[in-house]
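Take a look at this one; I'll ask things after.
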Amino acid sequence: MNRQPLLHAARARLCRGAGLSFIFTLPLFAGMASASCPGADAAALGWLNRMSHSLHEISYNGVVTLQRGGDMQVMQVSHAVDGDSSSERMTRLTGQGAQVERRDHPLHCVHPGHRLLQVGAGLQAGECGIADHYRFKVEEGERVAGRKAVRILIQPLDMYRFGYVMELDRETGLLLKTQTMGRGDKVLEQFQFASLSYQAQEPASAEVNLVHQARHPHPATAVAASLAVPWQVNWVPGGFTATDAPSGNAARRSYTDGLAVFSVFLEELGRDIRPGEGVVRSGGTTSYTRGMDLTGQAVLITVIGEVPVNTARMVADSVAWTN
Amino acid sequence: MMSERMRESLSALLDDEANELEVQRLLGQVQDDEHLRQTWVRYNLARDALSGHPLSATRVDISGSVRAALAAESAAAAAGWKQRFLRPVASLAVAASVAATVVIGGQQLVDIGADPYGQGGQAVAASASPVGLVNSLGATSVQASYGTQAVPVLQPATHTAYRELARLRMNKYMQDHVEHAALNTPQGLIPFARVPEIRE
């Protein structure tokens, strides 16, 4: 246990940019199920931890589908581990000919959302972490992309978040399928591998006319549109933590609970706006825009993320200027 | 200090998603809780702003809806238990509408400061009592109707302009948001598939 933080501290400079200390410890799962954590299930949390590691540490490539309502998109994904860093790529096979790349991501660079999934050590210390906000259960899974899966049922313990059904590769822990469940167990969105190979090499490339380099939160590359006056979000649901450390004047804040992410955007308007709100939903994503007067300044607040509209509204309502 | 749970209920109420217990609890608490009232008015201002009604007209509509609810209640009472039994969902929505009425109708709108409707001054609710409307109509009979009576539901106003604005903002901000989803959820780069049009 003890040597892990040391090892990572030595490399931390590569990843630290956003002012987050990416120090973590590898959790142990022996006898960790604590009766005091409402959603704790040792087996499920063990799988969750394994999933968060496999995502970074395994090489694979495959075809993934995204279904939202009647819409289906297909994409090619690949993930290659080389030494102590990984590179990943997502290529759209339907619709826009776009590709997203993330190169040379250090393996020790664990962002807050993934750290939240690694709750083993905390449970022993009496911290429930994500098990405070979701109830977990393991079931026999189905076959996904030809692989036998274990199914993790993830049920929210409050109304601030959605539920999930995840299918993990029984051998590797890789996440093969995610269903986002809304109110009344309605499937809002579904990601699923259609084919999968545990090889780094991806097959011949599709036609691509745009390549986007995925960003990595870092103050130096921070949001261009800054505001004159610093602002803050005074309320987020329990278990959500900031994904990076933007300045008080930055136009965006993002938060994660390990399974969901939402972002808050603030725009100062040059003229008054008729107060109101608008909501658009797309699959598991809610986009909530609110026009209002924030102590003398007309603003537009947008909360966008994989959370119910209630959550978005309450977050928007808590935005205030920092005094 | 207003509890998180109460604000959550308020928001749910607005979407007609609050359950009967929540409605009753809210009714009990808004009388004593100034913050709760203010939050409720802010939520409603946001929601109703584009209905095209000035605030005063909104109040008139709302007090009318209580009368309609009460009238329908006696009509439904005559209709027999079967029909009442089969309409619990509608009743819940009505309970929410009535609760909205209670709070808005009694709210001293001067509290919220701004006058977003350009009426050149701060609107002040007609009743001095925080829950004047319900008191004048009889709080007991309104509460007694929850969950059992079928009554007309107020249709939410259309919010075409704000919906369009929300759609534009979703397109504008989705990619910035997804950059964080891609690093902080277990799906890796897959969330980029949610971006309508990926930019470089």
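Please read these numbers as outputs of a predicted model, since none were measured by experiment. All values below were derived from every heavy atom in this structure, side-chain atoms included, with hydrogens, water molecules and symmetry-related copies excluded.
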State, to 0.1 Å, how close A:Ala214 and B:Leu189 come at their nearest heavy-atom pair, and which atoms those are.
-> CB-CD2, 4.1 Å
Looking only at A:Leu210, A:Leu55, A:Thr256, A:Val64, most heavy-atom pairs under 4.5 Å shared with chain B are made by A:Leu210
Against chain B, label A:Val211 side chain, backbone, both or neither, depending on which of its atoms sit under 4.5 Å from a heavy atom there.
-> backbone
Could you give the distance from CG (B:Asp176) to CZ (A:Arg215), rounded to the nearest 0.5 Å?
-> 5.0 Å
Give the member of B:Val178, B:Ile190, B:Ile198 that has the highest number of heavy-atom pairs under 4.5 Å with chain A.
-> B:Ile198
Could you grab the distance from atom CD of B:Glu179 to atom OG of A:Ser263, nearest 0.5 Å is fine?
-> 10.0 Å
Given the options B:Arg199, B:Arg194, B:Glu197, which has more heavy-atom pairs under 4.5 Å with chain A than any of the others?
-> B:Arg194
Options A:Val100, A:Leu66, A:Leu48, ranked by heavy-atom pairs under 4.5 Å with chain B, top entry | A:Val100
Compare every heavy atom of A:Arg92 with every heavy atom of B:Ala193, then report the nearest pair and how far apart it is.
-> O-NH2, 2.9 Å
When rounded to the nearest 0.5 Å, the distance separating CG of A:Leu300 from CZ of B:Arg169 is 5.0 Å
Tell me, out of A:Val261, A:Leu259, A:Val280, A:Thr302, who's got the most heavy-atom pairs with chain B below 4.5 Å.
-> A:Val261
Among A:Leu175, A:Leu174, A:Leu168, the one residue meeting side-chain contact (heavy atoms from CB on, under 4.5 Å) with B:Pro186 | A:Leu175
Please determine, among A:Gln73, A:Arg102, A:Glu101, A:Met75, the option with the most heavy-atom pairs under 4.5 Å with chain B.
-> A:Arg102
Pick whichever of A:Met51, A:Gln213, A:Arg68 has the most heavy-atom pairs under 4.5 Å with chain B.
-> A:Arg68
Ring center gap for A:Phe262 and B:His180 short of 6.0 angstrom = no
Identify the heavy atoms of B:Ala166 and A:Ser287 that sit nearest to each other, and give their distance.
-> O-OG, 3.7 Å
Kindly write out the residues that satisfy side-chain contact (heavy atoms from CB on, under 4.5 Å) with A:His56, not counting sequence neighbours, or none if the list is empty.
-> A:Leu107, A:His114
Against chain A, work out which of B:Glu200, B:His177, B:Lys172 has the most heavy-atom pairs shorter than 4.5 Å and name it.
-> B:His177
Give the member of A:Gly284, A:Ser254, A:Gly296 that has the highest number of heavy-atom pairs under 4.5 Å with chain B.
-> A:Ser254
Qualifying residues under side-chain contact (heavy atoms from CB on, under 4.5 Å), relative to B:Leu168, sequence neighbours excluded | B:Glu164
Which pair of heavy atoms, one from B:Gly188 and one from A:Glu88, lies closest together, and at what distance?
-> CA-OE1, 4.2 Å
Enter the distance from B:Thr185:OG1 to A:His111:NE2 here, rounded to the nearest 0.5 Å.
-> 11.5 Å
Taking the side chain as C-beta and beyond, is there a heavy-atom pair between A:Tyr288 and B:Met170 under 4.5 Å?
-> no
Of all heavy-atom pairs linking B:Tyr162 and A:Arg290, the shortest is CE2-C, 4.4 Å
Note, B:Arg163 side chain near A:Glu277 side chain (heavy atom, < 4.5 Å) = no
B:Met174 CE to A:Thr285 OG1 distance, which is reported to the nearest 0.5 Å | 4.0 Å
Go through the steps for B:Phe192 and A:His212 under the test ring-ring contact (aromatic ring centres under 6.0 Å, His included), then give the verdict.
-> CA-CA 10 Å; B:Phe192 273 96; A:His212 168 71; 5.7 Å; yes
